[in-house]
Amino acid sequence: MTRTGKAISWVVGILLLLIVAIAIFIAIFDWNRVKPIINEKVSAELNRPFEIRGNLAVAWARNPQETGWKRWVPWPHVRADNIWLGNPQGIPGDTMVQLPRVEATLSPPALLGKTIWLPWVKLVKPDVRLVRVSETRDNWTFTLGDGKDDKQNKTPSDWSFRLDNILFDQGRIAIDDSVSKAEMEIVVDPLGKPLPFSQVTGSGEKGAAKVGDYVFGLKVKGRYKGQDIAGTGKIGGMLALKDANTPFPVQADVRSGSTRVALSGTITRPTELGGADLRLRFAGDSLGDLYELTGVLLPDTPPFETDGRLVAELNGKNGSVFRYRNFNGRIGDSDIHGSMVYTQGKPRPKLEGDLVSRQLRLADLGPLIGVDSGKKSSRRESKKTNANQPLGKVLPYDRFETDKWDVMDADVRFKGQRIEHGSSLPLSNLDTHLILRDGDLRLTPLRFGMAGGTIDAQIRLEGDKKPMQGRAEISARRLQLKQLMPNVQSMQKTLGEFNGDADIRGTGNSVAALLGSGNGNLKLLMNDGLISRNLMEILGLNVGNFIVGQIFGDEEVRVNCAAANLDLTNGVARPRIFAFDTENAIINVTGTTSFASEQLDLTIDPESKGIRIITLRSPLYVRGTFKTPSYGVKPGPLIARGAVAAALATLVTPAAALLALISPSEGDANQCSTILSQMKR
């Protein structure tokens, strides 16, 4: 062998010995010696304490899946025991993450291409605690390094990072959120094998983006906004979170109090909370209960359920937008359909939408004004309605909860095609436009059909004022008397109509308080009607039964015209005109009705048009409360003949005001037109 050959042999031998020595050193090196350096560097980078508290070891093995020269290169398999990550300053508690063990493997050949490739990472029983103490302070937001933004001084790195899979067995996530008032524990379990998205949701539209499989199951328990919460669910794999082009699957069925929320669908760009497309179902005792869960202010109702599609755009420039599309459901015994949009904008979030009910049970709207709907499934509703109603009172005393009206604006249109109210009151085609802005609620208009005619109203409730101020402008036109009482046989003989106007303003946070402080005017006009003692008995009007029986006996009597022009002052109604012109008599009603105390003090003066029919010409009285009135014949002298007619004839201005209720198309067909014109002259 030449000298050159010997030199080359020595160099090769030394290199081989060096490689073997390095391999032996790496194989037998105690990696626990570098833990202090790793702990210090990671803690400094994360701005919170980090420690590998257990053993740190590296094992080397060739990857059988590699080919060529790469299959001879050993890969390091790293194992670290008892990993601990603490909380940043200002967050209560010491621990954010506790891991009994972490395992990972690294590809050395990939380092030649400036890629850090981890084919897999395995987390053993991870235990995570998420804490938020304010809108800007939590433990899941990381500020790397010194926390300063020096991106302008950095050049892009040539290195890239690749992670193919994250594996873990059962994990636990504890949530303590002071902002949302959530104290929950979520247990995460692998499903064993991936579950296809379409198998859970039953969907698989052609052309739709491929959705990842469900990989983990969830169990949730705890409290949310003061209510117990429990439920189950499923989510996709951890690596699917980083793929912005693959929708991330979610499914959950959660109960909070009496409310159930079930959802299934996808989240787009989940790490950024970009958006969601979910089938969403709600059910519970009252829509009002959803405020604590969703922040959407809805009225108290009977038990409800809805099923629709929720499309959400999260964290947009103008706030998150939630669109609940084409939902179907029920509230009490009423069906409900439509679409709603909830926008989390400034200065307040806003709810907009269009709703339709094909068959609306009017009693299901009762809780809006403190009237029992008849549905007792909601213990809260039953307790609330009964507790606020004083004994012996008739008017609704349940309060309008105006304290929350300023948390949200609303612009909602509602139509009810067929309306049920017992078996006797014919209502149809409810149409209203609800506008809520800064605590000021308006129904403009509130319109519906009744008995062949229409009711048209403008309602305003100023909830931003303490106490609330309200105003109602109501117009009733061409209500057919026979349709108003379809189950009363005697009323089918009538041809008359009912018209009326009301303009009432009041102050207070209930219907009773508004009427008890009310000011305004009420005009009513009825022509060509019919009354009898039997009719009063059928309608359950004991006072009317007494009055009709005293004046007319048991016979049916036609009413040419019934007219009322009432002034309401500080809750007390006084008639300017309250009179009935019948074929046999003229009847005048005077006195007061107090809505504040629910007291009646009325005098009924009848004047006969013929001695043969009416022999009693003494005044009658109605006194007492709305709930238990008393009635009888006033003692004293007989009414002077002609006194009632003379008194009515002096009321020129009130009579002229009532003429406006008669449609020009009716002409002389409306008997009130002739009678009021005579009074005016």
Counting distance only, does the side-chain N/O of [X] pair as donor-acceptor with the main-chain N or O of [Y] below 3.5 Å?
X      : Y      : answer
Glu305 : Arg281 : no
Ser286 : Pro302 : no
Ser339 : Asn326 : yes
Thr625 : Thr628 : yes

Practice prompt. With salt bridge (charged side-chain N to carboxylate O under 4.0 Å, His left out) as the test, would you mind laying out the steps for Asp456 and Arg447 before giving the verdict?
Written response: CA-CA 4 Å; Asp456 201 328; Arg447 182 182 298 123; 3.1 Å; yes
Which distance, rounded to the nearest 0.5 Å, do you find between the [atom1] of [X] and the [atom2] of [Y]?
X      : Y      : atom1 : atom2 : answer
Asp605 : Ile587 : CG    : CD1   : 10.0 Å
Leu568 : Leu515 : CG    : CG    : 7.5 Å
Ile459 : Ile474 : CD1   : CD1   : 5.0 Å

Considering non-hydrogen atoms only, spot the tightest contact between [X] and [Y] and give its length.
X      : Y      : value
Ala513 : Asn509 : CB-N, 4.0 Å
Leu297 : Trp405 : CD2-CA, 3.9 Å
Lys404 : Val407 : O-CG2, 2.9 Å
Gly470 : Leu461 : CA-CD2, 3.9 Å
Lys466 : Thr402 : NZ-OG1, 3.5 Å
Ser334 : Ser357 : CB-OG, 4.3 Å

Worksheet item: Would Asp411 and Arg413 count as a salt bridge (charged side-chain N to carboxylate O under 4.0 Å, His left out) if you check the C-alpha gap in whole Å, the side-chain angles of each, and the deciding distance to 0.1 Å?
Response: CA-CA 7 Å; Asp411 189 334; Arg413 297 181 183 273; 5.2 Å; no
Item to complete: Let me see the working for Lys465 and Asp440 under salt bridge (charged side-chain N to carboxylate O under 4.0 Å, His left out), right down to the final yes or no.
Response: CA-CA 9 Å; Lys465 293 184 170 61; Asp440 188 343; over 6 Å; no
Discussion item. Ring-plane angle category for Phe322 and Tyr342, please: parallel below 30°, perpendicular beyond 60°, tilted otherwise.
Written reply: tilted
Worksheet item: Are Val261 and Ser256 side-chain neighbours, meaning at least one heavy-atom pair lies under 4.5 Å?
Response: no
Discussion item. Counting C-beta onward and ignoring hydrogens, is there a side-chain heavy-atom pair between Arg358 and Gln417 closer than 4.5 Å?
Written reply: yes
Worksheet item: Taking His337 as the fixed residue, which of Thr306, Asp354, Asn328 is the one that meets the side chain to side chain donor-acceptor pair (under 3.5 Å) rule?
Response: Asn328
Discussion item. Suppose we screen for side-chain hydrogen bond (donor to acceptor under 3.5 Å, both in side chains). Which residues come up paired with Arg477, at least two apart in sequence or across chains?
Written reply: Ser475, Asp501
Worksheet item: Is Arg460 salt-bridged to Glu462, going by a charged N under 4.0 Å from an acidic O?
Response: yes
Item to complete: Just do the salt bridge (charged side-chain N to carboxylate O under 4.0 Å, His left out) check on Arg399 and Glu401 with the steps written out, would you?
Response: CA-CA 6 Å; Arg399 288 178 54 82; Glu401 299 296 340; 5.1 Å; no
Worksheet item: So with a 6.0 Å cut-off around CZ of Arg255, is the heavy-atom count from everything else above 12?
Response: no
